[in-house]
Number of protein chains: 2
Amino acid sequence: MKLEKFIQSVVDMPQSVLQEMCGYFKKVNLPKGTQILEQGQTCKKLYFIEKGLARSYYYNEKGKDVTVWFFSDNNLMVSVESFFQQKPSLYQMELLENSITYEISYDNLQKLFDRYHCVERFGRRVSIDLLTDLVDKLNAIQFQTAKERYAFLIDKYPDIAYRAPLGHIASYLGITQETLSRIRSEI
Amino acid sequence: MKLEKFIQSVVDMPQSVLQEMCGYFKKVNLPKGTQILEQGQTCKKLYFIEKGLARSYYYNEKGKDVTVWFFSDNNLMVSVESFFQQKPSLYQMELLENSITYEISYDNLQKLFDRYHCVERFGRRVSIDLLTDLVDKLNAIQFQTAKERYAFLIDKYPDIAYRAPLGHIASYLGITQETLSRIRSEI
DNA sequence: CTAATTTTTTGATATAGGTCAAAAGATTTA
DNA sequence: TAAATCTTTTGACCTATATCAAAAAATTAG
């Protein structure tokens, strides 16, 4: 099972805890287009995506739809601040493909955090990994041209580059879709 | 003691653990200009800044000095990925003011993580807080004009806006110093 | 299979903010 | 306190990318 492997790749834990933890995750197949979370709602569940694609996004002041993050195979999907601080989310989340996911509720995960030091460590490590990815993206965006940003995406997340719609990728990279379309046609 | 208060604001822990934890932190007064970490070095220490200002930065391909993050009073200062994953840092860190700091070594913090579930939780919470700040900054930079980015800084980190040199602030916001200078003169 | 809708491409034009250069102001050093 | 160094400001000019508009292509729905 991929979820088991994922957890073990992050932290080494006793087989019994691993089994208990996996037991709290419930397998759910969700169709493309499913809205996982609405703006203003508190994120109650954390998902592991076994196979699929999703994104978090929001509408800015001008009403433009801006993609914040993509989630794909073998990764966790969650609105971090909303879930961990149990406060209303600034972002929405939706599935871009039919997906096989495993979900765990906040309360159940909290129980596991309380009960097992190693699960708490899992949480810490996962957060730090996310943080690292985020710093990478920030640097890519902060001082690079549109072309370089797209190169960064292809290099780091090649699957997303060809699975996600162009408009979503463009806003994720902080450029317009017209510009991204022109960059693609150049290559 | 400010460090104690900071820890307690993040996680509630038994007085005994709090005391032991604080005991591992060593008070160090460091002068302005101190290089805390060089590019390529592995970050061995995590700092709590009681009073002072620092930044992390790197030189990009064009040799331009780019500020990644500021650290100031009552916050932790660390090169996150380098410290927690004990790998060479992409960034340098330096003090921008004479500072009062408390340092703890990676090994000692690791000991505390191993020994106390609540310290592990402290680590998780701190990471998530950082993550939240980072997401905020990313959004500010991704789709806002130079003026709006500066407004974001003033709103969110007013102390930095007037304590850090203009050039560092500009690169932190992903704009040139000339542009920031013009924005300031408009206000 | 066709119509309706959504996504992507292409073209023309405008502009925010970059680059380069040099002056003015501040801070540090001896 | 003068010289040296570093930081900020100002000006002129230029370019990458945004915006607006409309056609073309792809996808979805009836």
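Every chain is numbered from 1 and lettered A, B, ... according to where its sequence line falls, protein lines coming before strand lines. Please read these numbers as outputs of a predicted model, since none were measured by experiment.
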Are B:N75 and B:Y47 close enough that a side-chain donor and a side-chain acceptor fall under 3.5 Å? no
Rounded to the nearest angstrom, tell me the gap between atom CD in A:E148 and atom C1' in D:dT15. 15 Å
Name every residue in residues 160-185 of chain B that has at least one heavy atom under 4.0 Å from any atom of DNA chain C, in order of residue number, or write none if there are no such residues. B:G174, B:I175, B:T176, B:E178, B:T179, B:R182
Whole angstrom value for the distance that separates P of D:dT19 from NZ of A:K64: 8 Å
Atom CG of B:D65 to atom P of D:dT8: distance rounded to whole Å? 12 Å
I'd like to know if B:D73 pairs up with B:R163 as an ion pair, taking the criterion as any Lys NZ or Arg NE/NH1/NH2 lying under 4.0 Å from an Asp or Glu carboxylate oxygen. yes
Sort out for me which residue in B:D107, B:V17, B:I104 forms a side chain to side chain contact (heavy atoms under 4.5 Å, CB included) with B:L112. B:I104
Compute both the distance and the angle, then confirm whether A:R55 meets the cation-pi test with A:F71: under 6.0 Å from the six-membered ring centre, within 45 degrees of the axis. no
B:N60 and A:Q144: side-chain donor and acceptor closer than 3.5 Å? no
Rounding to an integer number of Å, can you tell me how far B:Q144 CD sits from D:dA18 C1'? 16 Å
Rounded distance (Å) that lies between atom C1' of C:dT10 and atom CD of A:E186: 13 Å
Sugar-phosphate only, base, or nothing, as touched by A:K147 at under 4.0 Å among non-hydrogen atoms: nothing
Rounded to whole Å, the CG-P distance (B:L96 to D:dC6) equals 16 Å
Classify the side-chain pair B:Y116/B:E120 by whether it contains a donor and acceptor separated by less than 3.5 Å. no
Starting at CG of B:N98 and ending at P of C:dT27, how long is that distance when rounded to a whole Å? 15 Å
